[in-house]
Novice: 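Encoded as structure tokens, here's the structure I'll be asking about.
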Number of protein chains: 2
Amino acid sequence: MTMTTAEENYLKAIYHLSEGGTKSVSTNDIAAEMKTKPASVSDMLRKLGDKEVIEYRKYYGVNITEEGKKRALQTIRKHRLWEVFLVDKLQFAWDEVHEVAEELEHIQSPLLIQRLDAYLNYPKFDPHGDPIPDEFGDVRARPRVALNEMEIDQTGQIVAVKDSSAAFLRYLDKVGAYIGARIKVLDKVEFDGSLEILVDQKKTLFMSKDVAANILVIQS
Amino acid sequence: MTMTTAEENYLKAIYHLSEGGTKSVSTNDIAAEMKTKPASVSDMLRKLGDKEVIEYRKYYGVNITEEGKKRALQTIRKHRLWEVFLVDKLQFAWDEVHEVAEELEHIQSPLLIQRLDAYLNYPKFDPHGDPIPDEFGDVRARPRVALNEMEIDQTGQIVAVKDSSAAFLRYLDKVGAYIGARIKVLDKVEFDGSLEILVDQKKTLFMSKDVAANILVIQS
DNA sequence: TTATGAATTTAGACATGCCTAAAATAAAGA
DNA sequence: TCTTTATTTTAGGCATGTCTAAATTCATAA
């Protein structure tokens with residue numbers, strides 16, 4: 001069973017929207033992610049349901065199946081391997097690679113991906129720090145550290161929070177330290193363990209040791 | 001003005017069918033080349049005519065325009081650069097690369113091609129010995145030598161004949177030494193200058209110096 | 001010059017993937 | 001429970017690119 005480029009893109013979006021939660025994903029959310037209209041999404045969900053890569057109950061959103069997850073991870077694997085290629089071999093900057101990888105990921109050739117993987121020396125993470133699934137869809141989680149344990153000049157990406165209270169999340173949102181933000185430790189104050197952080201290469205912000213201890217980071 | 005993958009493929013086919021001759025290319029020939037039906041070709045010719053990459057007079061075949069030639073050569077450039085990448089970097093065999101390159105050539109990113117070209121060290125020929133057009137569409141013709149001038153162990157590809165009489169072409173066809181065949185000189189007889197040739201890595205054949213002098217080869 | 005046959009084009013269908021507008025459904029509040 | 005509102009689906013249309021079958025055009029040979 002082959003999938004079109006559009007089908008692969010929808011499945012990838014559904015996979016990403018499913019990550020973390022166990023709840024079904026809504027038509028509206030998929031439409032927003034794919035930058036299409038809900039009506040187009042309904043059409044596609046019927047098709048993906050027929051192919052049994054998602055479980056689709058009209059009006060109740062979708063859940064991705066095991067088969068669907070496997071497929072999505074293969075596409076993600078290809079995307080991330082190409083990103084490594086573009087950065088490591090062709091000198092692209094890490095923030096220039098996404099669009100091109102979005103096209104390259106749909107090339108159909110298992111041999112190509114196998115050879116590319118070997119050529120890149122079996123990388124485990126892409127230039128954004130995201131893990132590259134292996135050919136079976138298994139991913140190696142990158143070890144997380146609390147932000148307050150990082151040293152000056154180390155960089156990474158915020159991936160989670162320990163305290164997910166609304167108040168804390170509101171605070172993070174306010175200062176611009178969202179999940180996914182790329183950060184660098186500019187300074188650490190000996191006296192109280194507070195930190196100065198550079199967010200997304202532009203904004204600096206100060207936070208107490210207690211706040212930093214609640215933020216989980218993967219280092220890069 | 002952007003072109004779809006299908007349009008690019010048709011234009012490339014028309015370019016190849018135009019090579020050499022100055023005559024227009026027929027709908028039937030394009031259909032054969034593209035493995036589609038003449039009716040589908042007619043549809044596409046109208047579209048390509050509207051875009052002014054071909055000159056299309058109903059019932060009289062098509063001629064490619066200068067703009068069309070430029071576009072076709074860009075696609076061919078991408079195809080051949082990817083072939084070099086697959087063979088030089090990913091250890092593909094020269095006869096395994098065509099299908100994959102056929103997909104890769106449609107990736108839209110001038111920067112990618114520019115970087116790939118540099119990374120491959122600005123190759124002038126692809127693994128089949130075909131010239132790679134530069135970014136302006138100019139091609140460097142590979143120098144041709146008569147087969148009888150080649151030395152033992154040298155390899156190349158038959159690209160033309162000096163004597164194109166029907167009798168000679170019939171002879172070539174009979175022994176399997178068609179235009180495009182990849183050959184290797186296995187032995188040369190001092191006494192009469194006759195040669196032993198390996199064709200397409202499987203068939204060996206003997207030919208006189210006079211026959212060999214009529215066969216033009218690009219060396220690889 | 002006209003008829004015949006081959007090449008080509010047109011007409012009408014179908015699949016994919018998108019859209020807008022209208023209808024149907026679910027969920028939440030009175 | 002009933003009604004309102006937001007979400008979702010369906011209906012119908014459009015563009016691309018394919019097909020078969022029918023109509024048209026060209027070119028050749030009687």
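Chain naming here is simple, since letters A, B, ... match the order of the sequence lines and numbering starts at 1 in each.
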Novice: Are any of the side-chain nitrogens in A:Arg80 or A:Glu83 under 4.0 Å away from the carboxylate oxygens of its partner?
Specialist: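 The answer is no: the pair does not qualify as a salt bridge.
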Novice: May I have all residue pairs that pass ring-ring contact (aromatic ring centres under 6.0 Å, His included) and include part of residues 37-68 of chain B, sequence neighbours excluded?
Specialist: none
Novice: What does the list of N/O pairs under 3.5 Å between the protein and nucleotides 1-3 of chain C look like, with a distance for each?
Specialist:
none

Novice: From the 5' end of DNA chain D to its 3' end, which nucleotides mark the outer limits of contact with chain A, defined by a 4.0 Å heavy-atom distance cut-off (strictly under)?
Specialist: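 Counting from the 5' end, contacts occupy D:dT7 to D:dT10.
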Novice: Can you sort out which residues in residues 29-47 of chain B have a heavy atom within less than 4.0 Å of DNA chain C? Ascending by number, please.
Specialist: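 Nucleic-acid contacts, sorted: B:Pro38, B:Ala39, B:Ser42.
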Novice: Below 3.5 Å, can you tabulate the donor-acceptor pairs from side chains in residues 109-127 of chain B to any protein atom, sequence neighbours excluded?
Specialist:
from     : atom 1 : to       : atom 2 : distance (Å)
B:Ser109 : OG     : B:Leu112 : N      : 3.1
B:Arg115 : NH1    : A:Leu90  : O      : 3.1
B:Arg115 : NH1    : A:Gln91  : O      : 3.0
B:Asp117 : OD2    : B:Arg77  : NH2    : 3.2
B:Tyr119 : OH     : A:Tyr119 : OH     : 2.1
B:Lys124 : NZ     : B:Tyr122 : O      : 2.9
B:Asp126 : OD1    : B:His128 : N      : 2.7
B:Asp126 : OD1    : B:Gly129 : N      : 3.0
B:Asp126 : OD1    : B:Asp130 : N      : 3.0

Novice: Tell me, yes or no, whether the heavy-atom count around A:Glu67 atom CD, taken from other residues, nucleotides or ligands under 6.0 Å, exceeds 12.
Specialist: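 Check passes, neighbour count above 12.
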Novice: With ring-ring contact (aromatic ring centres under 6.0 Å, His included) as the rule and sequence neighbours excluded, what pairs involving residues 69-89 of chain A come up?
Specialist: A:His79-A:His98, A:Trp82-A:Phe85, A:Phe85-B:Phe85
Novice: C:dA6, OP1 or OP2 - any side-chain N/O from B:Asn28 closer than 4.0 Å?
Specialist: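 So the side-chain polar atoms of B:Asn28 never come under 4.0 Å of the phosphate oxygens OP1 or OP2 of C:dA6.
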Novice: For the helix from C:dT1-D:dA30 to C:dA30-D:dT1, what angle separates the axis at the start from the axis at the finish, each from five pairs, in steps of 10°?
Specialist: 30°
Novice: Starting at atom CG of B:Leu48, determine the distance to atom P of C:dT9, rounded to an integer number of angstrom.
Specialist: 13 Å
Novice: Tell me every residue that passes side-chain hydrogen bond (donor to acceptor under 3.5 Å, both in side chains) with B:Asn9, counting only those two or more places apart in sequence or in another chain.
Specialist: B:His106
Novice: A:Asn9 has an atom CG; how far is it from atom P of C:dG17, in whole Å?
Specialist: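 Atom-to-atom, A:Asn9 to C:dG17, this comes out as 10 Å.
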Novice: Which one, C:dA26, C:dT9, C:dG17, comes nearest to the side chain of A:Ala6?
Specialist: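 Comparing C:dA26, C:dT9, C:dG17 against the side chain of A:Ala6, the answer is C:dG17.
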Novice: I'd like to know whether CD of A:Gln201 has more than 12 heavy-atom contacts from other residues, nucleotides or ligands below 6.0 angstrom.
Specialist: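 Count not over threshold, so no.
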Novice: Which residues pass the side chain to side chain contact (heavy atoms under 4.5 Å, CB included) test with A:Ala160, sequence neighbours left out?
Specialist: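 If we apply the side chain to side chain contact (heavy atoms under 4.5 Å, CB included) test to A:Ala160, skipping adjacent residues, the hits are A:Arg144, A:Leu216.
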Novice: Under the salt bridge (Lys or Arg N to Asp or Glu O under 4.0 Å) rule, collect the residues that match up with B:Glu102, sequence neighbours excluded.
Specialist: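 Partners of B:Glu102 under the salt bridge (Lys or Arg N to Asp or Glu O under 4.0 Å) test: B:Lys12.
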Novice: Quick one: do B:Glu7 and B:Lys51 make a salt bridge, cutoff under 4.0 Å?
Specialist: yes
Novice: Taking only residues two or more places apart in sequence or in another chain, which ones pass side chain to side chain contact (heavy atoms under 4.5 Å, CB included) with A:Asp134?
Specialist: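 For A:Asp134, the residues satisfying side chain to side chain contact (heavy atoms under 4.5 Å, CB included) (neighbours in sequence not counted) are A:Phe136, A:Asp138.
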Novice: If you find the nucleotide of DNA chain C closest to A:Tyr59 and the one closest to A:Glu7, which residue's nucleotide is nearer the 5' end?
Specialist: A:Glu7
Novice: Does anything in residues 29-49 of chain B pair up under salt bridge (charged side-chain N to carboxylate O under 4.0 Å, His left out), and if so which pairs, sequence neighbours excluded?
Specialist: none
